[in-house]
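A quick write-up on the structure given underneath.
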Amino acid sequence: MDFVRIPNVSPAFDETWDTNGLQMQAFDLVTKWAEAQNLNNCKIELLKDAARTPLLVMEIEAHDSEKVCMLYAHIDKQPPMGVWMEGLGPYEPAVKEGKLYGRGAVDDGYGFYCAITSIKAIQAQGLPCPRIVMLFEGCEESGSRDLPYYMDKLSDRIGTPDLICCLDAGCGNYEQLWMTTSLRGCVAVNLTAQMLMEGAHSGTSSGIVPSSFRICRELLSRLEDEKTGLVVPEEFHVEVPLSRVKQVSAAAEILGETVVRQFSFVEGGHPVAKDAPVSEHILARTWRPALSVIGCDGLPPTRVAGNVMLPFTKLKLSMRLPPTLDAPQAMQRLERILTSDPPQGARITLEPVATGNGWHAPLEEEWLNEAVHTASLTYFDKPCAHMGEGGSIPFMGMLLDMFPKAQFLVTGAAGPGSNMHAPNEFLHIDYSARLAMCVAQVVATLATKKPGEAASKDAAAVDAGDRKSFLESFQQSGGKLFFVGCDCGTAGCVIFDQGKEMVCRPVKQLKTGGAVVK
């Protein structure tokens, strides 16, 4: 709860981030919570180098294992982005119908608590555990610009991970574990079309002076078919691997129309490809390029707009790229397409804002494929599903380059309606609890994996008799390991006990006049 209350907006959206103290306030909060968990053989260090965003590093010694696992999440947040529903606010946490509302709840504050909770569950059961390195950064929403610096600084301490767990992705539904198999890349630019040195009366200039807004429209049509919404130049498209096409087909069978219905279309509104099969909608948001206009300068608010031919129009463009497309090359192509042969002699300028490669996961080794299915069957009673994500995590491409032999578990709790980056963001509490236990089981499986070891059986065909219910498994780990914050004032207090007790004992005793209700 307290984490949601802190408006620690990422540096790209807050010019005063290094002086207003909000980033350090958030990191101090999570650091104290981490210390209060009393993990065995754990070293915790909060780094904050000059002009750099903070980084929280946690190292845990291995227990009966020679493996190494890295877990990652981020602490910085997106800005509020618009008006929230009545009774909700970006920094006023609220729990309604099993969902925790507030900025940063699912993107990606929960990831910090989920990572620590999963390791605490392993230790509570005395299971073998790999050496753990946890990294929690403060700049992901700004392109992880400080992470390469810290990774280089910590390279000897990090070592070579066998498994990298990133908890900043999404899930197709709240009914099973989801593995993210790819992330799209992204290039962002500011495009300016200028026709005049100063504004002119529209009555005297229109018909003679071309509209800078129309010039922008013409330039955008070089990239995007305005009737279909599809990106036109073939150089921004790639061939989708057959293995991912098959996984998309399986995900489409699971999700059905949820893929489309999760978005709040106006009455009569419909997707870009209205009658396309569900699998094509998934491919469109995970493997196809797409253009979005995300900002505009040069246009006055409608309430004060007068009859003036505006001298310029400036658009901020975001183009999502297929996971395997080279983003720097895409930026060069974008600049060439938009700035060559300016319409009607307009002055066209293109300012690069951000460039980030996508990420395509290496194929899962047999042990990991079995481990994720077994975990999903254990805690959800359904097998794991696979799907790419349409967003970007700049960190992942860098990790793949640094650790090409590592396996990846990229997952998250940002499911249908969770609205990360938008108003009314929420965390599905029950799903994130089960997700934490899934992560724990996969990490514990890594600890006992031997080189070249084959899977013992087909995880998707685990007999019902071999499955434990979520409650049974959770109780075995102590039943009190989840992380919904409590307002009792006790550092590290947690109040989730598989839905049975949502108030800690001190608070419950106070509310019941001294009697503890069991």
Side-chain angles (χ1 to χ4, degrees), residues 71-72 111 114 163-185 238-260 262 277-288 320 322-324 358-393 396-397 399-400 406-416 418 428 431-432 434-439 441-443 445-446 455 457-462:
L71 294 101
Y72 164 87
C114 181
L163 176 67
I164 297 173
C165 297
C166 172
L167 301 171
D168 187 29
C171 52
N173 58 26
Y174 299 110
E175 300 174 8
Q176 60 208 115
L177 176 64
W178 287 82
M179 276 190 75
T180 298
T181 56
S182 63
L183 297 158
R184 285 193 291 187
V238 302
E239 184 176 352
V240 184
L242 180 59
S243 61
R244 301 311 184 196
V245 174
K246 292 180 178 179
Q247 289 176 340
V248 164
S249 296
E253 289 290 328
I254 294 170
L255 298 176
E257 292 301 319
T258 302
V259 173
V260 172
Q262 63 178 305
V278 173
S279 58
E280 181 56 35
H281 290 312
I282 296 176
L283 286 171
R285 66 175 286 271
T286 58
W287 278 92
R288 314 280 192 228
R320 297 291 177 175
T324 55
W359 171 80
H360 183 211
L363 291 179
E364 299 81 25
E365 291 181 359
E366 194 172 2
W367 77 266
L368 180 57
N369 194 43
E370 176 177 336
V372 295
H373 279 300
T374 302
S376 189
L377 287 165
T378 299
Y379 299 109
F380 291 99
D381 205 32
K382 289 185 178 181
C384 179
H386 301 72
M387 187 169 65
E389 283 291 329
S392 305
I393 305 177
M396 298 312 301
L399 282 180
L400 185 59
Q407 288 284 280
F408 287 80
L409 173 59
V410 180
T411 187
S418 58
H428 192 292
Y431 183 84
S432 51
R434 296 171 189 260
L435 176 59
M437 296 302 100
C438 285
V439 172
Q441 184 160 323
V442 173
V443 173
T445 300
L446 168 69
K457 56 184 174 179
D458 181 2
V462 174

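Source: prediction; values computed, not measured.
- Across Glu175 and Phe380, no two heavy atoms sit closer than the pair O-CB, 3.4 Å.
- The shortest non-hydrogen separation linking Val410 to Ala169 is CG1-CB, 3.7 Å.
- For His360 (side chain) and Ser182 (main-chain N/O), no donor-acceptor pair under 3.5 Å exists by modelled atom type.
- Scored by the salt bridge (Lys or Arg N to Asp or Glu O under 4.0 Å) test, Glu253 finds no partners at all (sequence neighbours excluded).
- In summary, of the residues considered (Thr181, Leu255, Val259), a side chain to side chain contact (heavy atoms under 4.5 Å, CB included) with Met387 occurs for Leu255 alone.
- Between the Tyr174 side chain and the Pro416 main chain, a donor and an acceptor come within less than 3.5 Å of each other.
- In plain terms, the two heavy atoms of Ala375 and Cys438 that are nearest each other are O-SG, 3.6 Å.
- Among residues two or more places apart in sequence or in another chain, the side chain to side chain donor-acceptor pair (under 3.5 Å) test is passed with Gln262 by none.
- With hydrogens and angles ignored, the 3.5 Å screen pairs a side-chain donor or acceptor of Gln407 with a backbone N or O of Glu365.
- None of Arg184, Arg320, Arg285 except one satisfies the salt bridge (Lys or Arg N to Asp or Glu O under 4.0 Å) rule with Glu389; the exception is Arg285.
- For Trp178, the ring-ring contact (aromatic ring centres under 6.0 Å, His included) test picks out no residue, with sequence neighbours left out.
- The main-chain N or O of His428 is found under 3.5 Å from a side-chain atom of Ser432 such that the two form a donor-acceptor pair.
- When atom types are taken as modelled, the side chain of Gln176 and the backbone of Pro383 share a donor-acceptor pair closer than 3.5 angstrom.
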